[in-house]
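Below you'll find the structure, written out as C-alpha cells, and then a few comments.
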Amino acid sequence: MGLMEQLRRQPALRAVDLALADVLRRRVPGTDERVLAAAALASFAVSLGHAAFDPAQPRQLLPEVGAWPEADAWRAVLAASPWVSQPAPGESADSSRPLVLEGGLLYLRRYREYERRLAARLQALARGGIDAMPEAIAPLFAALFPDADAGNLQAQAARQALLRPLLLVTGGPGTGKTTTITRLLLLLLAQARAEGRAPPRIALVAPTGRAADRVAESLRNAVARLRTDGIEPELCDALPTTASTLHRLLGPIPDSPAFRFNAQAPLPHDVVVVDEASMVDLPLMCKLVEAVADGARLILLGDRDQLPSVEAGDVLAAIDDAAGEGADSGEHVAGDDAARGPLHGHRVHLRRGYRQSDALDLAPLADAVRDRDAEAVLQLLREGPAGVSFHENLADPLRGTTRETLLAPWRALQALPRDPPDEAARHDIAQQALALAARLRLLTALRDGPQGARTLNARIEELLAGPRRPPYFHGRLLLVNENNHRLGLFNGDIGVCLDGGDGVRAWFTGGDAGVRAFHPAALPAHDSAFAMTVHKAQGSEFDEVWLQLPTRDSRVLSRELVYTGITRARRALHVAGSADVIKAALARHATRWSGLGWRLAGESTC
Ligand SMILES: Nc1ncnc2c1ncn2[C@@H]1O[C@H](COP(=O)(O)OP(=O)(O)OP(=O)(O)O)[C@@H](O)[C@H]1O
C-alpha cells in the first residue's frame, strides 16, 4: 500500500491535512508521494501543537503506520521539490511555495514565518537597556526589596526588568511573579515621576479571560499589601487594577486573523506584562511582540513546567532556553551577553514558594512531578501530605463513597434559590453561584472515553438533574469554548445556569455589576464544566481539584499535564489513577517540534 493510501486510512488525520496533499497533487500530478505525505503531516503536526514536522519522527504523529521513508532520503526529496523552499535563516520564505524545509523540519510556510518574525522581533526588543539602576529610585527599590543584597531572586527579577527592555520571569505557582511585577511597575512609575515624564502606560494581559481575572486579582492584593506597608498612596493609585485578554489588547478585526495593533500600528503602551505566557501560542505571541512599540518594555511571566499552549508552539520554553541561566544563577556579567546570543540573561527563575497553605502541602509533590521522580511522587501520594488524597486504581469517581463527596458542591449550586424577588437578589445569587462554581473541578487528561470530560459531564448532569433534564438546568456549569468579542465571552470562561423565574439565564463574572447574564441561546459554543480537561483548566485555580487519570496510558499524558493538573488546586487535591499510568505520564515530556530555540539563540537577524 502506498504511503498516501496508508495516511488516508488514519482516522486521526484531518480532512484539511489530506486536502493540502490533494491540492498539491492536482496542481502537479507527478508530485512525489513522500512530498504529499510530508505536506499532510506538516499540517497535522500543527494541530498537535508542533510548529513543524520532523521527518525523522513520523511515528510520534501516527504510531500505527507501518513503513515510513528513511529520514535523510525523505528530506532530500523534499529539498528537491518545487513545493518546498529553503530560505536562509533570517530571510522570508518564497511565498509561491507552501512548504519550507529548515533545520531538518518541514514547515507550513505560515508557521515558519511566525517563528522567523517572532525571533527577529524578540531579538530586536531585547537590544538596548541600561547598565545601572537610576539613582532616583534606589531608595524605593531598597524599601520594596529590603533583602535585595541577600540574593533575593524577586529583587533580581525587578532589577533586571528595570535594566532590560525584555525579561522573562519564570517560576511555579506562588513564587511571587505577580508580587514582583507589581513592585517593578511601582518603580517604573516612580522613575517616570522623578524624571518629569508622564507615567508609563501599562498593559497587563493574559491569554484567557479567567487568567486575566486572576492576575488582576493578584495584583490588587499585592497593591493592598503595599499600601499597608506604607508605600505612597499616589503611586499605588497609578497601578493598573484590571487586566485584559491578549486578544482584547490587540484589537481583533472581525473575520480576520489580523489585529488592529500590529507592527505598522503599534500598541500605545510603554510596558506590556503578559501573565501565563506558557499558554500563548506561536501565532499570537508573534502578533503580540510585533505590536509592542520600539522602546517599550515587554515582561513575560510564566511557568515552563506547565503544559505548552494547546495551539502550535512552545514559545515560553524556547525563550527560556535561549535566555540561559540568567540572573538567578549569579553568572550574569554585563556586556558579555552578545557572545552568548541576544537573549542571554533576559530571564529570572523564581524558586521559593510563598503561598503557604496549612490546608494543602503541594510543593513537594509538584517538585517530584517536575523532576520526573515517579517513585517519590507515588510515595508522597500514598503518604498523603496535608490536603492530598490518592485514590489508587480508582477508575470511576462517580461510584461508591466518592460520588456524593464529589457531587456535594454542585448539589449546593442546585439548592440556591430560584425565582429571586428582584434584580439585586438575582445578582447576589449569581455571585454566590459563581463563587461555588470555583470550589471544585474534576479534571481529566482526555476529552472522550470513560475517564474523559465529556462522559463524566454527562453522567454528573444525569446524577444531578435526572435523565430527562432540560439542557440548561438550574445549577448547570458551563464552559465557553470560543471567543466572542461582541458578548465579551471568551474561551475558558465559566458560567452557571440559574432559574430566575422568567427562565434560565447563564451567569458569568464581569461587567459593572460584577456578574452578567446571557440567554443560553445567545451563548458561543460551550460544554458542561463540572469536569474539564487539564488543558482547558490552564490559567484557572480551584479550591479543590480532583485529577482523574485514564486507566490506560495515552500519548496525551505527560509530566506537564500532571503538573498543570495538580497545581490548579488551592486547598485540596485528589489524584485518582494507577501507579503504572502515573509512571507512564511522568516519563513523557510534552515536547514540540520547533525551530524557535535555535533561531532565538542564534545571531541577531534583524
Ligand atoms: N517576598 C514575599 N514575601 C512574602 N510573601 C510573598 C512574597 N512574594 C509573594 N508572596 C506571597 O505569595 C503569594 C503568591 O504570590 P504571587 O501571586 O505574586 O505569586 P505568583 O507566582 O504570581 O502566583 P501564580 O503563579 O499562582 O499566579 C501571595 O500571597 C503573596 O503575598
Side-chain angles (χ1 to χ4, degrees), residues 140-159 161 167-187 204-231 236 239-241 243 273-280 299-307 316 320 328 347-363 365-367 369-370 438 441 492 534 537-543 545 560 563-571 573:
L140 180 59
F141 186 88
L144 292 171
F145 298 101
D147 49 359
D149 293 334
N152 179 305
L153 288 173
Q154 294 184 344
Q156 292 198 34
R159 191 195 305 273
L167 190 73
L168 171 62
V169 181
T170 56
T175 45
K177 299 181 290 297
T178 319
T179 304
T180 305
I181 293 314
T182 309
R183 293 177 189 181
L184 162 78
L185 295 177
L186 205 69
L187 286 161
L204 179 63
V205 290
T208 66
R210 187 67 208 113
D213 289 346
R214 266 195 62 213
V215 68
E217 191 187 337
S218 297
L219 189 125
R220 287 193 296 267
N221 291 340
V223 176
R225 277 190 303 276
L226 289 173
R227 286 184 201 277
T228 22
D229 289 351
I231 299 296
C236 294
L239 286 165
T241 52
V273 181
V274 184
D275 195 30
E276 299 284 0
S278 63
M279 293 171 66
V280 185
I299 301 164
L300 304 172
L301 312 179
D303 181 357
R304 81 167 283 179
D305 296 306
Q306 283 199 33
L307 281 167
L316 185 85
D320 199 26
D328 52 319
R347 168 244 195 198
V348 177
H349 181 60
L350 303 179
R351 297 166 198 275
R352 179 172 162 193
Y354 287 93
R355 191 176 288 130
Q356 307 287 348
S357 161
D358 292 340
L360 177 62
D361 182 15
L362 192 61
L365 186 62
D367 287 347
V369 171
R370 197 166 33 208
R441 196 64 82 243
V534 174
Q538 270 181 285
S540 298
E541 278 187 352
F542 311 98
D543 288 344
V545 162
E560 289 81 5
Y563 178 84
T564 306
I566 64 172
T567 54
R568 301 307 90 210
R570 268 192 300 243
R571 304 186 60 78
L573 169 71

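We count ligands from 1, going down the list as the structure has it; atoms in each ligand are counted the same way. Heads up: numbering here begins at 1 and tracks the sequence.
No N or O atom of T180 sits closer than 3.5 Å to an N or O atom of ligand 1. Note: no N/O pair closer than 3.5 Å links P173 and ligand 1 by distance alone. Annotation: D275 places no N or O atom under 3.5 Å from an N or O atom of ligand 1; distance criterion only.
Here the closest heavy-atom approach between residue G565 and residue V545 is recorded as O-CG1, 3.8 Å.
For atom 18 (O) of ligand 1, the nearest non-hydrogen atom from the set V169, T179, T567, N152 comes from T179. Within the set E541, K177, R352, the minimum heavy-atom distance to atom 20 (P) of ligand 1 is found for K177. Heavy-atom proximity to atom 27 (O) of ligand 1, evaluated over R214, E276, Q154, R183, is greatest for R214.
With rounding to the nearest 0.5 Å, the separation of CZ in F145 from CG in L184 is 7.5 Å. Summarising the geometry, atom OG1 belonging to T178 is positioned 8.5 Å from atom CG belonging to L204; distances are rounded to the nearest 0.5 Å.
Side chain of D229 to main chain of I231: no donor-acceptor pair is present (N/O by atom type, distance under 3.5 Å, no hydrogens or angles). No donor-acceptor pair under 3.5 Å is formed between the side chain of E276 and the backbone N or O of D303.
The shell of residues lying under 4.0 angstrom from ligand 1, judged by heavy atoms, includes G174.
When each of R570, R568, R571, R441 is checked for a salt bridge (Lys or Arg N to Asp or Glu O under 4.0 Å) with D543, only R570 meets the rule.
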